Amino acid sequence: MKILVLYRSASRKKRNTIEEHLWCFKKYSSQHAYHYVNVLTTIPAYLQYVQYDGIIFHYTFCGTKVTGIPGKWENQIKGASSLKGYKVAIPQDEYDGTGRLCELYRTAGVKTVFTCFEKKEDYLKAYPPGETGVEHYIPVFTGYIDEENAARYETMTKPYAERPIDIGYRARKLPYYFGKHGQLKYEISVEFQKVLKGTDFVFDISNTGDKYETFLGNKWYEFLLSCKATLGCMGGSSLLDRDGEFKQCVNDYIQAHPEASFNEVEEHCFKGHDFNIDGSAISPRHFEAAITKTLQVLVEGNYAGIFKPDVHFIELKRDFSNIKEVLSKLKDVAYCQNIIDNTYEEIVKSGKYTYRSFSETVLSHISRYKPNINTNTFRNTFFFKLIGTWLTIRETIIMMLLAGIGPLLEELYKTNLANKIRKNKRLYQFLSRYLP
């Protein structure tokens, strides 16, 4: 099959999980031919000259719906309807701005959504069929196990007792428009920092602030390899904000009241709406910890029925009432090593939760529903190869631009000049369209 993958990346440095997810199709289903196109401004018009079997809107493409730049989303999806092939979308962060995703599905003719919503009532609420034209909803995870990384790090793992850090964790304080559930990751870090202070536990826990550090590339795996245990919970949000109304209200209220609590903001901006959807989902971090044989301490939850308490993780009550019991269990080396070994055998070694299986699921679906058109004609193959050659050159140019212009732009947007540019609507739209 001839497959087009549309994505967006305006940075040379990416999180490991983004790279793994994006390139898994070409990496693990290499029997197909691919065009990967980085859509920095708008979809290149020349792509319409190729009849593809399938077109994938990757979550990095879908995710720019939240940029907030006037006209940027409309410009980015322009031309999507002209593309030829069976269209599927793989969105994430589906609790925020789903109205714009519905616009993409409707105008582009997306027929299948690989959604992170587990429950039918939730994905139908986010993407009503009558509003979108979507015919198939297939629940998937936000990330999977990369087999190459699993094999690489298996030889680097050390037993639980030999790791220098007892508990390692990174969490960012999410805005209040992620709902109550979205605050949980940060609350875990605060609670454990408070309890561990003055104990003999060696911990490396940081959150939003001067000490917060984001690990890019393989550095996150390397950090986990040094930790006996890590913390976590289900990812996602508990607040569906289809049109950004709650987000705008929260931002405006926080600007006027910087010290406002979550309860105060909820009362003012989205009273009675929190938990209007179950946007919780398994995080790639759960699989990454399994790969590195790092014990997980997770807040109680269903974890898609895959990770089970006292089998694959130590359970932490949502109100943290058993935190001392958890710390006591972390001292039991044999108990902890047994959980780690169970997790590795049943989660990693099983092969059920790999990017290979994910890519096969997506591409098998495309193969089943793709148009009954011969895409291997001389003309189509000629244009496919010609455009493929140009895309290789184009990607090289983009990477060179990002290497030189990217850091400059990052510094520019930290200055007061950036604020002046934002206020000049026409200039801002021009720069947003033509600069990466």
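Just so it is clear, the model here is predicted, and its values are computed rather than measured. All values below come from the heavy atoms of this structure, side chains included, with hydrogens, waters and symmetry mates left out.
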Y123 versus E94, side-chain donor and acceptor atoms under 3.5 Å = no

task = Step by step, work out the side chain to side chain donor-acceptor pair (under 3.5 Å) result for Y34 and S29.
result = CA-CA 10 Å; Y34 296 90; S29 297; 4.6 Å; no

task = Applying side-chain contact (heavy atoms from CB on, under 4.5 Å), run through K173 and S189 and close with a yes or a no.
result = CA-CA 10 Å; K173 187 173 184 179; S189 68; over 6 Å; no

task = Can you establish whether the number of heavy atoms outside F275 located under 6.0 Å from its atom CZ is more than 12?
result = yes

key: Donor-acceptor contact present, side-chain Q248 to main-chain E245, <3.5 Å   = no

ask   = How many angstroms lie between atom OH of Y36 and atom CH2 of W23, to the nearest 0.5 angstrom?
value = 6.0 Å

query = Distance under 6.0 Å and angle within 45° of the ring axis: does R152 meet both against Y221?
reply = no

request  = State which residues pass side-chain contact (heavy atoms from CB on, under 4.5 Å) with K317; sequence neighbours excluded, sorted by chain then number.
outcome  = E300, E315, D319, S321, N322

query = Does the side chain of N16 pick up a donor-acceptor pair with the side chain of K219 at under 3.5 Å?
reply = no

message = According to salt bridge (Lys or Arg N to Asp or Glu O under 4.0 Å), does anything in residues 23-42 pair up with another residue at least two apart or in another chain? List the pairs.
response = K27-D146, K27-E148

query = For the residue pair F141 and Y353, does the interplanar ring angle fall in the parallel (under 30°), tilted (30 to 60°) or perpendicular (over 60°) class?
reply = tilted

NZ/NE/NH1/NH2 to OD/OE distance under 4.0 Å, D166 and K228 = yes

request  = Answer yes or no: is there a donor N or O on one side and an acceptor on the other, between the side chain of T42 and the main chain of N75, under 3.5 Å?
outcome  = yes

CG on L231 to CD1 on I167, rounded to 0.5 Å = 6.0 Å

ask   = What pair of heavy atoms forms the shortest contact from I43 to I77, and how long is it?
value = CD1-O, 4.3 Å

ask   = Distance only, no hydrogens: is a donor on one side chain within 3.5 Å (strictly under) of an acceptor on the other, for T142 and Y59?
value = no

remark   = Only residue of L104, T98, V110, V113 satisfying side chain to side chain contact (heavy atoms under 4.5 Å, CB included) with C62 is L104

query = Should the pair F307 and H286 be assigned to parallel (<30°), tilted (30 to 60°) or perpendicular (>60°) ring geometry?
reply = tilted

request  = Would you check if the side chain of R318 reaches a backbone N or O of V299 as a donor-acceptor pair within less than 3.5 Å?
outcome  = no

query = Shortest non-hydrogen contact from C227 to G168?
reply = SG-CA, 3.7 Å

query = Can you tell me if K84 uses its side chain to pair, donor with acceptor, with the backbone of Q48 under 3.5 Å?
reply = yes

ask   = Does any donor atom in the side chain of H312 or Y303 lie under 3.5 Å from an acceptor atom in the other side chain?
value = no

ask   = What are the two closest heavy atoms between Q51 and N380, and how far apart are they?
value = N-OD1, 2.8 Å

ask   = Between D204 and R170, is there a side-chain N and carboxylate O pair less than 4.0 Å apart?
value = yes

task = Using the side-chain contact (heavy atoms from CB on, under 4.5 Å) rule, take K180 and F262 through it: C-alpha gap first, then chi angles, then the decisive distance, then the call.
result = CA-CA 8 Å; K180 182 64 176 175; F262 174 84; 3.9 Å; yes

message = I'd like to know whether the aromatic ring centres of F192 and Y169 sit less than 6.0 Å apart in this structure.
response = no

inquiry  = If I compare all heavy atoms of I282 with all of F287, which pair ends up nearest, and what's the gap?
reply    = CG2-CE1, 3.9 Å

ask   = If you measure from OG on S30 to OH on Y28, what distance do you get to the nearest 0.5 Å?
value = 11.0 Å

key: From OH (Y186) to CD1 (I188), nearest 0.5 Å   = 12.5 Å

ask   = salt bridge (Lys or Arg N to Asp or Glu O under 4.0 Å) with R394: which residues, sequence neighbours excluded?
value = none

ask   = Are side-chain N/O atoms of D274 and S238 paired as donor and acceptor at under 3.5 Å?
value = yes

query = Checking S367 side chain against L363 main chain: does a donor-acceptor pair fall under 3.5 Å?
reply = no

Lys/Arg N to Asp/Glu carboxylate O, K119 vs D278, below 4.0 Å = yes

request  = Would you please say whether a donor-acceptor pair under 3.5 Å links the side chains of T230 and T294?
outcome  = no

ask   = Which value, rounded to the nearest 0.5 Å, describes the distance between E288 atom CD and L224 atom CG?
value = 7.0 Å

key: Closest non-hydrogen atom pair between F114 and V362, with its separation   = CZ-CA, 3.8 Å

ask   = Just by distance, with hydrogens left out, do N251 and Q255 show a side-chain donor and acceptor under 3.5 Å apart?
value = no

inquiry  = Parallel, tilted or perpendicular: which one describes the rings of F25 and H21, with boundaries at 30° and 60°?
reply    = perpendicular

Sidechain-backbone polar pair: Q296 side chain, F313 backbone, donor-acceptor under 3.5 Å = no

remark   = In this structure, CG of L4 is separated from NE2 of H58 (nearest 0.5 Å) by 13.0 Å

inquiry  = Taking D241's backbone N and O only, do any of them form a donor-acceptor pair with K247's side chain (distance below 3.5 Å, no angle check)?
reply    = no

key: Check against ring pair (Phe, Tyr, Trp, His ring centres under 6.0 Å), Y95 and F178   = CA-CA 8 Å; Y95 37 78; F178 279 78; 5.5 Å; yes

inquiry  = Salt bridge or not between K308 and E346? Use side-chain N to carboxylate O under 4.0 Å.
reply    = no

Cation-aromatic face contact K87/F57, 6.0 Å, 45 degrees = no

task = May I ask you to decide if the ring planes of F383 and Y49 are parallel, tilted or perpendicular, using 30° and 60° as cut-offs?
result = parallel

task = Can you label the angle between the H365 ring and the Y369 ring as parallel, tilted or perpendicular, going by 30° and 60°?
result = tilted

